[in-house]
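Protein chains get the first letters and strands the later ones, always in sequence-line order, with residue 1 at the start of each.
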Number of protein chains: 2
Amino acid sequence: MKASLDRIDLKMLRLLQDNGRLTNAELAQSVAVSPATCHRRTQRLFDEGYISHVRAVVTPQKVDRGALVMVGVVLDRSTPESFAEFEKAVAKLKFILDCHLVAGDFDYFLKIRVGDMADFNRIHGDQLIALPGVRQTRTFFVMKEVVDNAPLDF
Amino acid sequence: MKASLDRIDLKMLRLLQDNGRLTNAELAQSVAVSPATCHRRTQRLFDEGYISHVRAVVTPQKVDRGALVMVGVVLDRSTPESFAEFEKAVAKLKFILDCHLVAGDFDYFLKIRVGDMADFNRIHGDQLIALPGVRQTRTFFVMKEVVDNAPLDF
DNA sequence: TCAATAACGGAAGAATCTTCCATGAAGGCA
DNA sequence: TGCCTTCATGGAAGATTCTTCCGTTATTGA
């Protein structure tokens, strides 16, 4: 699965992860191949799914999404139907950045971005506890973002 | 802070968040301004920090980082020095994608990517519980990634 | 050793970037 | 109102880059 990536591919992935705006010419020079070869390799990294997409990272504070909250969720029943219904509803809530089914004291962990605490409290009452099958939630307000969405180390 | 973004800027931000590889010409056409104006506006979005960076999103499974784990951490002491020391050490561990100081039953929440469970168990024993000031950790293995790092909704 | 396959770099037309400049709109002030 | 300053816009053009074709080189396997 990943044996098809040589040193050059890996270096390209790391460089593009750090700076997705690198031009093909710059990238080619950085990994010491011709622009033509670099172009071909980059195309392959996209075509074969090594790079799923390229995203401009918007600064949350600049668009009034400066508050981060982690929420643990416990459902009423642990049936596949209950899980499916919950997940389907979660996908529609755009303020939920992460939603993961976990093993442990919670069923799901959510990572949520909103404008401020007041925003969250309203959303919590209106939309979170209203999600299908939710028995209880536990909220962890983030007081300091030490590391957020660090690049993948590989 | 954000009042200086008009409709066009917001649309550009959303388009670039969805596809950071959009050419200036394409972006210009999508928001119905000239390439020159679009170029200037894009530059401003970067210069003034609305876009912090552009990242190629690497598929974790393709580079042997298919296992996701959430970890709650409790420190021995809740002193500023203890927090600072912990955070400094965390920043050096590249497999930690998120590290957030939270209010609640834990001091910190970590989001970690590794190859598999065996990988995590080794890392947990070697590096996590060895972090300065750690009293206890609670591990939540992610069994299903429902939503991971969704784009910001604004 | 030799053939077959795959990957490479050079080259060139097409497209894009980037900047300069002139034009037109918006806001402040007498 | 009339004028001036300030600012954002689009056209234009040289420089750069992209993208693909093609001949050559390296690697693999019999």
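Note: CG (A:Leu27) to C1' (D:dT19) measures 15 Å, nearest angstrom. Whole-Å rounding puts the B:Phe46 CZ to C:dT18 C1' distance at 15 Å. Summarising the geometry, the separation between CG on B:Asp6 and P on D:dC7 is reported as 16 Å, rounded to the nearest angstrom. Between the P atom of D:dT16 and the CZ atom of A:Arg21 lies a distance of 19 Å, rounded to the nearest Å. Note: CG (A:Asp47) to C1' (D:dT19) measures 14 Å, nearest angstrom. Following rounding to the nearest Å, A:Arg41 (CZ) and D:dC18 (C1') show an atom-to-atom distance of 19 Å. In this entry the distance linking CG of B:Asp9 with P of D:dA8 reads 10 Å, nearest Å. One can place CE of A:Met12 at 10 Å from P of C:dC8, the figure rounded to the nearest angstrom.
Minimum atom distance to the side chain of B:Arg40 is reached by D:dG10, of the listed D:dG10, D:dT19, C:dG9. Distances were taken from every side-chain heavy atom of B:Gln43 (C-beta onward) to each of C:dA7, C:dT19, D:dA8; the shortest belongs to C:dT19. Listed nucleotides C:dC17, C:dG9, D:dC18 differ in distance to A:Ser34; the shortest reach to its side chain belongs to C:dG9.
Within the nucleic acid shown, A:Arg44 has no heavy atom closer than 4.0 Å to any nucleic acid atom. Contacts of A:Ala36 with the nucleic acid, taken as non-hydrogen atoms under 4.0 Å apart, include base atoms.
Taking a cutoff of 4.0 Å between a charged side-chain nitrogen and a carboxylate oxygen, B:Asp153 and A:Arg113 do not qualify as a salt bridge. In summary, A:Asp9 and A:Arg44 engage in a salt bridge, as defined by a charged side-chain N under 4.0 Å from a carboxylate O. Of the charged side-chain nitrogens involved, at least one lies within less than 4.0 Å of a carboxylate oxygen, so that B:Asp6 and B:Arg41 count as a salt-bridged pair.
Side-chain N/O atoms of B:His39 include one lying less than 4.0 angstrom from OP1 or OP2 on C:dT18. One finds a side-chain N or O of A:Thr37 lying less than 4.0 angstrom from the OP1 or OP2 phosphate oxygen of C:dG9.
More than 12 heavy atoms of other residues, nucleotides or ligands shown are found within 6.0 angstrom of CE on B:Met143.
With hydrogens and angles ignored, the 3.5 Å screen pairs a side-chain donor or acceptor of B:Lys62 with a backbone N or O of A:Glu48.
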